[in-house]
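Within every chain, numbering begins at 1; the chains are lettered A, B, ... in the order of the sequence lines, protein sequences first and strands thereafter. FYI, side chains are in, hydrogens and waters are out, and symmetry mates aren't considered; it's all heavy atoms of this structure. Computed from a prediction, not measured in an experiment: that's the story for all the values here.
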Amino acid sequence: MSSLELYPQDEKLPRGEHVAFNLYMITALLLFVVMMLLGLTMRMTQADWTPVQAAMFYKVMTMHGAGMVGTMSLASTAVMWFFLRKYVSLHLWAFMSNYVLFMLGALCIIWAVFVGDFASAWTFLYPLPVHSMGLWSNGAAALFMVGYLLIGVGMLLFYLDAAAAIIHRFGNLGRGLGLQWLFGGEIDPNHPKAVVASTMVIIANSLGILAGAVVLVMCLINAYDPEVALNALVVKNLIYWFGHMIINATIYMGVIAVYELLPRYTGKPYGVSRPFLWSWAASTLFVIIVFPHHLLMDYAEPRWMLVMGQIISYAAGFPVFLVTAYGVLTNIHHSGLRWTMPSMLAVLALFGWAAGIVPAIIDGTIGVNRVMHNTQWVPGHFHFYLLLGVLPMVLTLLYHVVGSRRRAPVNSGTDRAGLLLYVVGGISFCMVFLYAGHMSVARRFSTHLPEWLPYDQAGSIAAMVLILGMLVFATRIIVGLLKAPIDADPAHPAG
Amino acid sequence: MSTAERQRLAPAFAVALFVALLLPPVRAWLESRMSLQMLVQIPLLITVGWLLSAALPPRLGEGIARWNRHGISSLVLASLAGMFWMLPRSLDAAIGEPWMAVAKFASVPLLIGLPLGLGWPHMGFVVRGVFLLELTATFFRLGWLYLVSPIRLCNNYLLDDQQRAGEAMLVIGSLLLAGVAIKLLWGRFDST
Ligand code: HEM
């Protein structure tokens, strides 16, 4: 069980780790802000408030989608690393290789989009990348895919190092997940939740990376040898398998921050239980096979896969979410929780995750999907759980780390004002998307009908408020991280 | 059989296997189909080389190991040679041209199997993981390519044979993936 000491010794960041963590998180915060500004540009274009042309809109959309998913993955990987390293011995070179390869991949993607004009969305669905009608070259499409490959290799190195460390300590990945306790036996109350969640992410994302490694190379071959025609539906299945898994896994990495930190602010222990282990085991399987819910409109898809997509959509998110919600609420109940920035963000994260799941599950129902698919309902649901669920999980850790420097949780008026702006702006922004979806406003349209403009305008204003909040967070956290003195290595306390 | 005993018998087994593969009827049969040549003959030749690594005098083995940190040199050499023998042209030529046949029988064991056998014990978990993932991905990619390629890739083999090889590669990729997954989830690891 994680310790209840607010700033335990084993969480200190000695020099190398300190630099690596700062690099990850400062890069992520800056990228978040830039990508949000791109998002705002899109929303304002839909509102008819900017002179951005369609070709530019789709470039921005591609950059925003790929950039946000990548950045979220980068930041949540750092969350996982921060806690996992306390229980197993991770190598800094693997963590840093992931960072370097991510940056190289990001450069390829930025170049492909803004220099090569590539604009076929972060999902690069075949055959659009190679049918640009002259808007971009095959070279630009290829560069974009090479960017993804580089990012994938970096993630793989990090996961393999983490898998090796978990196996070294616990025997195999099954024992890391706690499978040996599913049907009986006395559960070790000290089995770290961070290890359970990390093991799940390692398994799911490695499979996703394998799918990506296959489909990206096949698309690259096709770009240079069009005679090798690919089955578009198989490509789509593989892309969603890997894309959905990567973005889904960010929640499961991010939630480690809630598991580890919340009990310290409530002062109540939060151990592992059999339902907890069952839910993670079930979700490990479900998250791997849930992706067909992206394909409910593809009538050529085998029927059984669509039915599986629908049923698993109901089942996939639920188990982990339910045990987490139950665990967190009982942990908070009668606890005298100290409402400071980290604890408020942790509770917000749980709310955002919960609220974001509801529209997702509604849309995962075949009957509803036939109407709502490709409306702004979809960006409504995923912005909800990403903006109000996953990002606050990352911010929980960051505010905690900034507080650990002063040995007191951050709780200033400025930060609270930032939080207010972020929450009000964020909820409004997502609700407007959902409402527009409800009114059948199509997603991924650069130019909107006059009847849709009021939603776009309201959404733009909400986004501005949200971004103001994010600017407060980013500034405060970056300054906090940079000012933090380097901790002595806990292995050499005298140092 | 103990490990030491297995180690001792490995070279003899390698020679026997090599000779068996050279026997004209065996060779003719294994080269009669693309799937047999790619997925049986070449892997068996790789096995010959792998087994031979046990026959290397310890001093030579240690000398090589100094240039083979984490088995990386092994992997680079084996991948380069492997890439060459993955090309349909090379497989084709190994049937038609005697000197290419000699090259195949010499280089597959010596440039793929032997380095892998020498390097594997030095490879850590991460290197092995990257290797196995890339190997699995390669089976899936090549299988897919052979299935959808509209043209015959080899002069010696027909399109349906090529597609059968493609299907077989997809099956092998899936089995490899399942094997690795089961090992990781429930297997025993001596050291990592
Ligand atoms: C201020 C914050 C944000 C704003 C203003 C914003 C705005 C937008 C807009 C306008 C779209 C296009 C909607 C449409 O299809 O009509 C979009 C799509 C998208 N956004 Fe955001 N967004 C924000 C934050 C985020 C975050 C935090 C993430 C993820 C971590 C994210 C991920 C995505 C993705 C994946 C798409 C889909 C792109 C596509 O359809 O290809 N966004 N966003």
field: Close side-chain approach of L84(A) to V195(A), heavy-atom, < 4.5 Å
entry: yes
task: Give, as side chain, backbone, both or neither, the part of A213(A) having an atom under 4.5 angstrom from any heavy atom of chain B.
output: both
field: Sidechain-backbone polar pair: R85(A) side chain, L90(A) backbone, donor-acceptor under 3.5 Å
entry: no
statement: Applying a strict 4.5 Å limit to non-hydrogen atoms, the region of S206(A) in contact with chain B is backbone
message: Just so I understand: if I count every heavy-atom pair under 4.5 Å between each of D161(A), L156(A), V217(A) and chain B, which residue has the most?
response: V217(A)
message: Quick one about N231(A) and Y126(A) (side-chain donor to acceptor, distance below 3.5 Å, no hydrogens or angles considered), yes or no?
response: no
Chain A-proximal positions within residues 51-70 of chain B [heavy-atom distance under 4.5 Å]: none
field: Part of L145(B) lying under 4.5 Å from any heavy atom of chain A
entry: both
- request: Return yes if a side-chain donor-acceptor contact under 3.5 Å exists between E227(A) and N222(A), otherwise no.
  value: no
Contact winner vs chain B - L210(A), V228(A), V215(A), heavy-atom pairs under 4.5 Å: L210(A)
task: Flag this pair as yes if the NZ/CZ of R128(B) is under 6.0 angstrom from the six-membered ring centre of W120(B) and inside a 45 degree cone about the axis; otherwise no.
output: yes
- request: Give a yes or no on whether R274(A) atom CZ has more than 12 heavy-atom contacts from other residues, nucleotides or ligands under 6.0 Å away.
  value: yes
- request: Taking the six-membered ring of F83(A) (Phe, Tyr or Trp), confirm whether the NZ or CZ of K193(A) is under 6.0 Å from its centre and within 45° of its axis.
  value: no
Under 3.5 Å side-chain donor-acceptor pair for N205(A) and Y159(A): yes
- request: With the side chain counted from C-beta on, respond yes when L153(B) and L159(B) share a heavy-atom pair under 4.5 Å apart, and no when they do not.
  value: no
- request: Check the pair D92(B), Y157(B) against side chain to side chain donor-acceptor pair (under 3.5 Å), reporting the backbone distance first and the verdict last.
  value: CA-CA 8 Å; D92(B) 232 3; Y157(B) 302 116; over 6 Å; no
- prompt: Which of residues 12-49 of chain B get closer than 4.5 angstrom to chain A, counting heavy atoms alone?
  reply: none
field: Proximal component of A94(A), with respect to chain B [non-hydrogen, under 4.5 Å]
entry: neither
Distance-only donor-acceptor check, side chains W85(B) and S107(B), under 3.5 Å: yes
- prompt: Would a distance-only check, ignoring hydrogens and angles, find a side-chain to backbone donor-acceptor pair under 3.5 Å from K183(B) to R188(B)?
  reply: yes
message: Please classify the contact between I166(A) and chain B as side chain, backbone, both or neither, with a heavy-atom cut-off of under 4.5 Å.
response: neither
